J.: 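Okay, here's the structure, questions in a sec.
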Amino acid sequence: MEELAEAQKRTEERLDRLETVVAELAEAQKRTEQILQGLIRRVDRMDEKLGRLVGESLERRYREHAFAYFGMVMRRIRVVSLQDVFADIEERLSEAELTDLLSLDVLVRGQVQQLAQKPEVWLAIEVSAVVDRGDVERAQRRAALLRKAGLITIPVAAGEEVTEGARLLAQRENVMLLQDGQRLLWDEALAAAVTA
């Protein structure tokens, strides 16, 4: 009986030590999860900042190399500051519309080569590392504002990658896509802009 009682006591001591170890492990797990959540938030913030930097770099590239991207379909290409045309369009748009238009990433104008009359056409370009539906919608909306102000305008969403949702919306709304320098839906977007 004494041996059984002694074995029982040792078992209880081991269980007490095991409970302590399990409690310590649970506390360590909790701290690890807190640290991991903090790292996830930090990486998310870094990812957002990196996305903004890539977007700004792409905007600069499209501004500086507009002819490289559009020279095969347009001539006399110029990147235009919205400030340069603001006085001409502000009478035709509301304050809210003008405010929206001020956020346009890049504005380009030039003459379309494939049309006999070679009209001056404007490109309202929204730039993002990954073009999504929101980019396509913004390009469409801001191009519509420029058309309302009297400019023949093609909406363009440009970036390194394009989501499938963005691609489908661009096809449906006649928005040109510029994916990693490749022009997509140019003919459709041009036809919709000149008949609008």
Side-chain angles (χ1 to χ4, degrees), residues 9-70 79-83 95-108 123-146 153-186 189:
K9 185 178 176 185
R10 285 191 307 269
T11 301
E12 288 175 4
E13 288 172 356
R14 280 186 276 196
L15 281 175
D16 288 344
R17 286 193 307 266
L18 186 58
E19 283 179 357
T20 302
V21 169
V22 168
E24 289 172 357
L25 285 173
E27 188 60 36
Q29 171 90 20
K30 189 176 181 180
R31 286 191 307 270
T32 301
E33 287 175 3
Q34 289 171 342
I35 291 169
L36 183 58
Q37 289 303 316
L39 286 172
I40 290 170
R41 284 189 298 274
R42 194 179 224 174
V43 168
D44 286 345
R45 285 191 305 267
M46 289 172 57
D47 191 43
E48 287 175 23
K49 288 179 182 180
L50 181 60
R52 280 194 301 271
L53 287 173
V54 169
E56 289 171 6
S57 175
L58 287 172
E59 284 179 36
R60 190 172 28 262
R61 185 170 22 151
Y62 287 115
R63 274 190 218 102
E64 293 173 358
H65 302 286
F67 186 76
Y69 294 111
F70 303 105
V79 175
V80 179
S81 167
L82 206 49
Q83 177 177 313
E95 186 175 330
E97 291 170 329
L98 289 167
T99 299
D100 185 25
L101 197 53
L102 288 173
S103 295
L104 181 65
D105 292 334
V106 182
L107 182 60
V108 172
L123 305 176
I125 307 171
E126 287 298 320
V127 180
S128 183
V130 178
V131 174
D132 62 17
R133 292 176 59 88
D135 298 305
V136 173
E137 289 166 354
R138 279 190 302 281
Q140 173 65 2
R141 185 178 67 245
R142 291 173 180 157
L145 293 174
L146 289 167
T153 309
I154 297 173
V156 181
E160 293 176 336
E161 298 176 38
V162 177
T163 66
E164 187 60 26
R167 187 179 315 282
L168 293 172
L169 183 60
Q171 286 173 330
R172 189 173 69 235
E173 298 297 324
N174 295 312
V175 174
M176 179 185 167
L177 294 173
L178 193 59
Q179 182 178 359
D180 206 20
Q182 181 183 5
R183 286 182 314 279
L184 306 169
L185 306 170
W186 164 257

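Remember, predicted model here, so these are calculated numbers, not experimental data.
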J.: Just to verify, what does E97 make a salt bridge (Lys or Arg N to Asp or Glu O under 4.0 Å) with, not counting sequence neighbours?
T.: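 Scan of E97 (salt bridge (Lys or Arg N to Asp or Glu O under 4.0 Å), adjacent residues dropped) gives K148.
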
J.: Would you please name every residue forming a side chain to side chain donor-acceptor pair (under 3.5 Å) with R52, sequence neighbours left out?
T.: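 Not a single residue meets the side chain to side chain donor-acceptor pair (under 3.5 Å) criterion with R52.
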
J.: So, using side chain to side chain donor-acceptor pair (under 3.5 Å) as the criterion, who are the partners of R138 when residues are at least two apart?
T.: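 Scan of R138 (side chain to side chain donor-acceptor pair (under 3.5 Å), adjacent residues dropped) gives D135.
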
J.: Between S57 and L53, is there a donor-acceptor pair closer than 3.5 Å when you use the side chain of the first and the backbone of the second?
T.: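 Checked: no pair found.
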
J.: Begin from the C-alpha positions of R41 and D44 and carry the test side chain to side chain contact (heavy atoms under 4.5 Å, CB included) through to its verdict.
T.: CA-CA 5 Å; R41 284 189 298 274; D44 286 345; 5.6 Å; no

J.: Would you tabulate the side-chain donor-acceptor contacts of residues 158-170 under 3.5 Å, counting partners in other chains and residues two or more places apart, or write 'none'?
T.:
residue : atom : partner : partner atom : Å
T163    : OG1  : V131    : O            : 3.4
T163    : OG1  : A166    : N            : 3.1
R167    : NH2  : Q179    : OE1          : 3.4

J.: Do L185 and V175 come close enough that some side-chain heavy atom pair is under 4.5 Å?
T.: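 They are not in side-chain contact.
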
J.: Using modelled atom types and a 3.5 Å cut-off, is there a donor and acceptor pairing between side-chain atoms of R183 and backbone atoms of Y69?
T.: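 Checked: pair present.
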
J.: Can you tell me how far OH of Y62 sits from CG of L178, rounded to the nearest 0.5 angstrom?
T.: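 Spacing of CG (L178) from OH (Y62) equals 4.5 Å.
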
J.: Taking all atoms of both residues into account, what is the closest heavy-atom pair of L184 and M176, and its distance?
T.: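 Distance-wise, the nearest heavy atoms are O-CG, 3.4 Å.
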
J.: More than 12 foreign heavy atoms under 6.0 Å from CD of E95: is that the case here?
T.: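 No, not enclosed.
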
J.: Which residues pass the side chain to side chain donor-acceptor pair (under 3.5 Å) test with E12, not counting sequence neighbours?
T.: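 Side chain to side chain donor-acceptor pair (under 3.5 Å) list for E12, sorted by chain: Q8.
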
J.: Output the distance between atom CD1 (I154) and atom CD (Q140), rounded to the nearest 0.5 Å.
T.: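 Spacing of CD1 (I154) from CD (Q140) equals 11.5 Å.
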
J.: Counting C-beta onward and ignoring hydrogens, is there a side-chain heavy-atom pair between V127 and I125 closer than 4.5 Å?
T.: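 Yes, at least one pair of side-chain atoms sits under 4.5 Å.
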
J.: Crowded around E64 CD? As in, over 12 foreign heavy atoms under 6.0 Å?
T.: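 Atom CD in E64 is packed in, count exceeds 12.
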
J.: Measure the CG-CD1 distance between L36 and I40 for me, rounded to the nearest 0.5 Å.
T.: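 These two atoms lie 4.0 Å from each other.
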
J.: So E126 and V156, side chain to side chain contact (heavy atoms under 4.5 Å, CB included) or not? Walk me through it.
T.: CA-CA 6 Å; E126 287 298 320; V156 181; over 6 Å; no

J.: For the OG1 atom of T32 and the CD atom of E27, what is their distance to the nearest 0.5 Å?
T.: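 Here the rounded value is 10.0 Å.
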
J.: For T153, enumerate each residue passing the side chain to side chain contact (heavy atoms under 4.5 Å, CB included) test, keeping only those at least two apart in sequence or located in another chain.
T.: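 Here the qualifying residues are W122, A124, A143, L146, R147, L151.
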
J.: To the nearest 0.5 Å, how far apart are CZ in R142 and CG in D105?
T.: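 The distance works out to 7.0 Å.
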
J.: Compare all side-chain heavy atoms of R14 with those of T11 and state whether any distance is below 4.5 angstrom.
T.: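 Result yes, sub-4.5 Å side-chain heavy-atom pair found.
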
